[in-house]
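Positions are given from 1 along the sequence.
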Amino acid sequence: MAPARSRGPAGPDTEPDRAAGPDGSVGITTGAVARRLGVSPTTVRSWEQRYGIAPAARQGGKHRRWTREDVAMLDEMCRLTTAGIPPAEAARAAMTTRVPTTGTEPGTEAAPPHTSSTGTRTASVSAAPHTRAAGAGSGLPLGAVRPECRGLARAAVRLDSPAIDALLTEVLRDHGLVTAWEEVMAPTLHAVGRKWGTTGERYVEVEHLLSWHVSTALRKVAVTPPPGTPVEGPPVLLACTPGEQHTLPLEALAAGLAERGLPTRMFGAAVPAEALDEAVRRLGPAAVALWSQSASTADAVLARQVARTGFGLRGARTAPLVLLLGPGWQTSQARAGAVRPHGLRAAIDAVAHLFTHPRRHPTA
């Protein structure tokens, strides 16, 4: 995991994440707790002003500081409002969940969450430094995930576009593209898909909104020039197989390759076989990444045809490496001229290797 980067000068919504009070106790700031819960700092402040959802101990100075019990209370407020409880009623219920703690900073102690007889969680905002079990607050079956994933799920269920954008921007900045995709974006998208499968049409709007924002965030990375000189050479062609509509994993790959300065051409969803063949012949790509989400769209004949396409002068011909990406492909389909990387990082590394070790076509 990449080290966290500086968030810049402190301001009204960018105060330092942690601050020490006059008595030496430590808590997190309003901005930090808002990011954990997937709400805006303005929302947290409005809850305090309207409903009295405030830190139990008020310290001197400009910024509020929230202890573990305070964050557990806000966590319950989020869970209840996401479930449709009116804010005033949710606030009254959430304030009854505040339990005494040692006043230490959230996340610095390993304390198991407590569940009452009614199923309400009353304490412990994190079970481990990097992952935690998602409670009922997001309404999504997340399992053990990073805190950022849980916050993104909450924002998506609330259809809170500004919060989604802010969370995606932060996780990309702090952890890099690969970690952001594999540990935050993809798990949340999968959870939405599972919820859709079990509740019918209820979460369709959540999936559409979240997918659009993830796509937007990935494309911003893909079009941002990386530091240094871009790598010269034939591009990498990215396409979904005929009939395949899932493009987000390819967009993540395009962003990851762009971070390394590698040239790409994105053709998107359901590329017809004839169009793909024409693009390969015109571009002479270093690699062709084919995404298939299900076995019904994994066209092994097309993959072999692409792998056999040669370019260049006789005696110095090259051929594209075919990357079989997605759960639709079988390992047995990765024959001569094709590989099946497991995970985004492996796919990026496989492509990067080509630019230092070009492949040769077996024919003259």
Side-chain angles (χ1 to χ4, degrees), residues 1-5 7 17 28 32-39 71 75 78 106-107 110 113 124-135 137-157 160 163-195 203 206-207 209-222 224 246-260 291 293 325-327 341-352:
M1 182 182 72
R5 302 176 189 173
R7 295 187 174 87
D17 282 357
I28 62 174
V33 76
R35 289 192 294 271
R36 287 193 181 199
L37 298 176
V39 300
V71 179
D75 187 42
C78 285
S124 185
V125 296
S126 64
H130 301 300
T131 62
R132 58 164 297 164
S138 67
L140 298 177
L142 285 165
V145 294
R146 300 181 68 96
E148 298 94 336
C149 186
R150 189 166 181 264
L152 183 61
R154 288 187 186 279
V157 170
D160 188 342
I164 294 173
D165 276 341
L167 288 162
L168 291 173
T169 298
E170 180 179 349
V171 75
L172 283 166
R173 180 194 64 207
D174 290 351
H175 303 301
L177 184 280
V178 174
T179 298
W181 170 255
E182 293 186 339
E183 299 186 22
V184 179
M185 297 178 185
T188 308
L189 288 164
H190 292 162
V192 173
R194 289 195 298 272
K195 189 70 173 182
Y203 274 72
V206 176
E207 181 174 40
L209 184 71
L210 179 60
S211 296
W212 187 87
H213 282 284
V214 168
S215 177
T216 299
L218 293 173
R219 293 187 189 193
K220 287 179 181 178
V221 176
T224 301
H246 295 80
T247 63
L248 285 177
L250 280 184
E251 293 177 42
L253 177 57
L257 296 175
E259 279 193 331
R260 298 200 187 186
W291 180 269
Q293 186 71 19
L325 305 176
H342 294 281
L344 178 59
R345 191 182 305 279
I348 296 171
D349 289 341
V351 171

Problem - side-chain contact (heavy atoms from CB on, under 4.5 Å) between L167 and H213, worked out - result: CA-CA 10 Å; L167 288 162; H213 282 284; over 6 Å; no
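Under the rule for a side chain to side chain contact (heavy atoms under 4.5 Å, CB included), the partners of T216 that lie at least two apart in sequence or sit in another chain are W212, K220. For A186, the side chain to side chain contact (heavy atoms under 4.5 Å, CB included) partners at least two apart in sequence or on another chain are W181, H190. Residues satisfying the side-chain hydrogen bond (donor to acceptor under 3.5 Å, both in side chains) criterion with Q293, sequence neighbours excluded, are W291. Residues that satisfy the side chain to side chain contact (heavy atoms under 4.5 Å, CB included) test with R260, not counting sequence neighbours, are L262, I348, D349, A352. H246 meets the side-chain hydrogen bond (donor to acceptor under 3.5 Å, both in side chains) test with E244; sequence neighbours excluded. Considering only residues two or more places apart in sequence or on other chains, P341 meets the side chain to side chain contact (heavy atoms under 4.5 Å, CB included) condition with L323, L325, V339, A346, A347.
For E182 (side chain) and G343 (main-chain N/O), no donor-acceptor pair under 3.5 Å exists by modelled atom type.
Remark: the S211 side chain and the E207 side chain contain no N/O donor-acceptor pair separated by less than 3.5 Å. Between the side chains of H175 and E148, at least one donor N or O sits under 3.5 Å from an acceptor N or O. Side chain to side chain, S215 and R219 meet the donor-acceptor criterion of an N or O pair below 3.5 Å.
For the pairing with V214, the side chain to side chain contact (heavy atoms under 4.5 Å, CB included) check across V184, I164, L248 returns one residue only, L248.
Closest of all the heavy-atom pairs between A252 and L218 is N-CD1, 3.7 Å. The two residues C149 and T188 come nearest to each other via the heavy atoms SG-OG1, 3.0 Å. For C78 against R154, the heavy-atom pair with the smallest separation is CB-NH1, 3.3 Å. In terms of heavy atoms, A180 sits closest to V171 at CB-CG1, 3.9 Å.
Atoms CG and CG, from L189 and L210 in turn, are 4.5 Å apart once rounded to the nearest 0.5 Å. We find the OG1-CD distance between T179 and E183 to be 5.0 Å, quoted to the nearest 0.5 Å.
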